[in-house]
Structure formats: C-alpha cells, structure tokens
Amino acid sequence: QVQLVESGGGLVLAGGSLRLSCAASGSIFSINAMGWYRQAPGKRRELVAAITSGGSTNYADSVKGRFTISRDNAKNTVYLQMNSLKPEDTAVYYCNAYTIAVLTAARYDYWGQGTQVTVSS
C-alpha cells in the first residue's frame, strides 16, 4: 500500500506560479512512477506530468515549457512547479503513484485526496 498526501494548491492570478507537493509513504520501494493528474469540472481526469523511478519525465502538451515535475528521493516527495499559469489550468490536481505486480504485471494505482488550483484572469 502507498499513501499520498498533497499540498500546495490555492488561488493565483494568471501568469503566476504555484508549487504542488506530494509526499509518499508506505510501500514506496515498489513505486514505478509518480505523477500529477487534473480534473476540471465536467471534464475527464487527464495526465499533467509524470516521473518514473529512473527519473524519466513526460508532460501533457498543454503544460510543456510551463510545468516541471521533480522528485526528492530523500523526502519521498514529488513536486510540480507550475509557472505562467492560465485560467484553463484551473482544476483539482491529484497525485498518483502506481506499482506493477512482479508476477502478474497488474498495475495498481494510488491517489491523493486532490488539491484545488484556481487561476483567475
């Protein structure tokens, strides 16, 4: 089991910055990758950024060049630095971690409670 606790959301003006944090605990040695998803009202949850245990990253096209995902292994924490925020970035942001079972290759997803990010114009 993996537990995820997020922090850092809030209200910001367009063009501003926020940094989200996600602290993992539990069976962290089994985590394959961690990432951030977001869900705006009436829309599907979408991947924003992810980072693997090896440090590889990927980003949604809509946030490339503005958001940066990073990790502090000593603190078991993943960060999402969000710069040049736009009103369309407004959503609930969820931290995600997943593991892959060795024998079955089944994927198990774990989610944080979500943190609201609101960007006003």
Side-chain angles (χ1 to χ4, degrees):
Q1 293 289 323
V2 175
Q3 294 79 44
L4 304 172
V5 178
E6 303 140 340
S7 60
L11 173 64
V12 65
L13 292 174
S17 299
L18 283 174
R19 188 177 80 156
L20 305 182
S21 301
C22 175
S25 60
S27 302
I28 57 175
F29 60 88
S30 63
I31 294 174
N32 288 80
M34 294 183 67
W36 290 93
Y37 287 69
R38 66 186 181 187
Q39 187 167 21
K43 294 188 177 181
R44 297 180 63 180
R45 190 173 296 189
E46 63 175 357
L47 175 67
V48 176
I51 185 166
T52 69
S53 57
S56 299
T57 60
N58 68 288
Y59 297 90
D61 288 342
S62 60
V63 306
K64 284 180 180 177
R66 300 188 298 122
F67 291 11
T68 303
I69 190 168
S70 62
R71 51 194 274 174
D72 183 334
N73 290 332
K75 296 182 179 180
N76 301 319
T77 299
V78 170
Y79 303 97
L80 184 68
Q81 179 65 45
M82 305 184 293
N83 298 328
S84 302
L85 282 161
K86 304 175 181 180
E88 50 263 44
D89 294 318
T90 295
V92 178
Y93 284 69
Y94 296 92
C95 181
N96 167 269
Y98 74 83
T99 63
I100 303 292
V102 173
L103 295 180
T104 65
R107 170 170 167 159
Y108 295 89
D109 282 272
Y110 301 90
W111 297 94
Q113 77 280 6
T115 186
Q116 177 70 45
V117 171
T118 302
V119 184
S120 63
S121 57

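Below, all heavy atoms of this structure are taken into account, side chains as well, without hydrogens, waters or symmetry copies.
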Original post:
With sequence neighbours left out, which residue pairs that include part of residues 15-39 fulfil the ring-ring contact (aromatic ring centres under 6.0 Å, His included) condition?
Top reply: Y37-W111
**OP:** For S27 and S30, indicate whether the former's side chain and the latter's backbone hold a donor-acceptor pair under 3.5 Å.
**Re:** no
Original post:
What residues form a side chain to side chain donor-acceptor pair (under 3.5 Å) with D72, not counting sequence neighbours?
Top reply: none
Subject >> R66 side chain to S62 backbone, donor-acceptor under 3.5 Å >> reply: yes
Subject >> Under the salt bridge (charged side-chain N to carboxylate O under 4.0 Å, His left out) test, residues paired with R45 that sit two or more places apart >> reply: none
Original post:
How long is the gap from OG on S56 to CD1 on I51, to the nearest 0.5 Å?
Top reply: 8.0 Å
Subject >> M34 and L4: CA distance, side-chain angles, deciding distance, side-chain contact (heavy atoms from CB on, under 4.5 Å) verdict >> reply: CA-CA 10 Å; M34 294 183 67; L4 304 172; 3.8 Å; yes
Subject >> Co-membership, hydrophobic cluster, residues V2 and Y108, 4.5 Å side-chain >> reply: yes
Original post:
Do you know the tightest heavy-atom contact between A14 and S121?
Top reply: CB-CA, 4.3 Å
Subject >> Partners passing side chain to side chain contact (heavy atoms under 4.5 Å, CB included) against I100 (at least two apart in sequence or in another chain) >> reply: N32, Y98, A105, R107
**OP:** Look at atom CD of Q1 and say whether more than 12 heavy atoms of other residues, nucleotides or ligands are closer to it than 6.0 Å.
**Re:** no
**OP:** Could you list all the disulfide (SG to SG under 2.5 Å) pairs where at least one residue sits in residues 4-104, not counting sequence neighbours?
**Re:** C22-C95
Original post:
Which pairs pass salt bridge (Lys or Arg N to Asp or Glu O under 4.0 Å) with one or both residues in residues 111-121, sequence neighbours excluded?
Top reply: none
Subject >> side-chain contact (heavy atoms from CB on, under 4.5 Å) evaluation trace for N58 with L47 >> reply: CA-CA 9 Å; N58 68 288; L47 175 67; 3.6 Å; yes
Original post:
Below 4.5 Å, heavy atoms only, C-beta onward: do L13 and V119 meet side chain to side chain?
Top reply: no
**OP:** Any chance you could lay out the side-chain contact (heavy atoms from CB on, under 4.5 Å) test for Q81 and S17, step after step, and finish with the verdict?
**Re:** CA-CA 7 Å; Q81 179 65 45; S17 299; 3.9 Å; yes
Original post:
Distance from I28 atom CD1 to N73 atom CG, nearest 0.5 Å?
Top reply: 9.0 Å
Subject >> Which atom of M82 lies closest to which atom of V117, heavy atoms considered >> reply: CE-CG2, 3.9 Å
Original post:
Can you pull the ring-ring contact (aromatic ring centres under 6.0 Å, His included) pairs that have at least one residue in residues 47-97, sequence neighbours excluded?
Top reply: none
**OP:** Show your reasoning for whether side-chain contact (heavy atoms from CB on, under 4.5 Å) applies to N76 and I31.
**Re:** CA-CA 11 Å; N76 301 319; I31 294 174; over 6 Å; no
Original post:
Does any pair with a residue in residues 5-27 pass salt bridge (Lys or Arg N to Asp or Glu O under 4.0 Å), and if so which ones, sequence neighbours excluded?
Top reply: none
**OP:** Supply the atom-to-atom distance L20 CG to I69 CD1, rounded to the nearest 0.5 angstrom.
**Re:** 10.0 Å
Original post:
Taking only residues two or more places apart in sequence, or in another chain, which ones meet S53 in a side chain to side chain contact (heavy atoms under 4.5 Å, CB included)?
Top reply: R71
Original post:
Residues two or more places apart in sequence or in another chain: which of them pass side chain to side chain contact (heavy atoms under 4.5 Å, CB included) with Q116?
Top reply: T90, V92, T118
Original post:
Of all residues at least two apart in sequence or in a different chain, which pass the salt bridge (charged side-chain N to carboxylate O under 4.0 Å, His left out) check with E46?
Top reply: R38
Subject >> For K64, all residues meeting salt bridge (charged side-chain N to carboxylate O under 4.0 Å, His left out), sequence neighbours excluded >> reply: D61
**OP:** Would you indicate whether the side-chain heavy atoms of T68 and N83 approach each other to under 4.5 Å?
**Re:** no
Original post:
Is the backbone of K75 close enough, under 3.5 Å, to the side chain of T77 for a donor and an acceptor to pair up by distance?
Top reply: yes
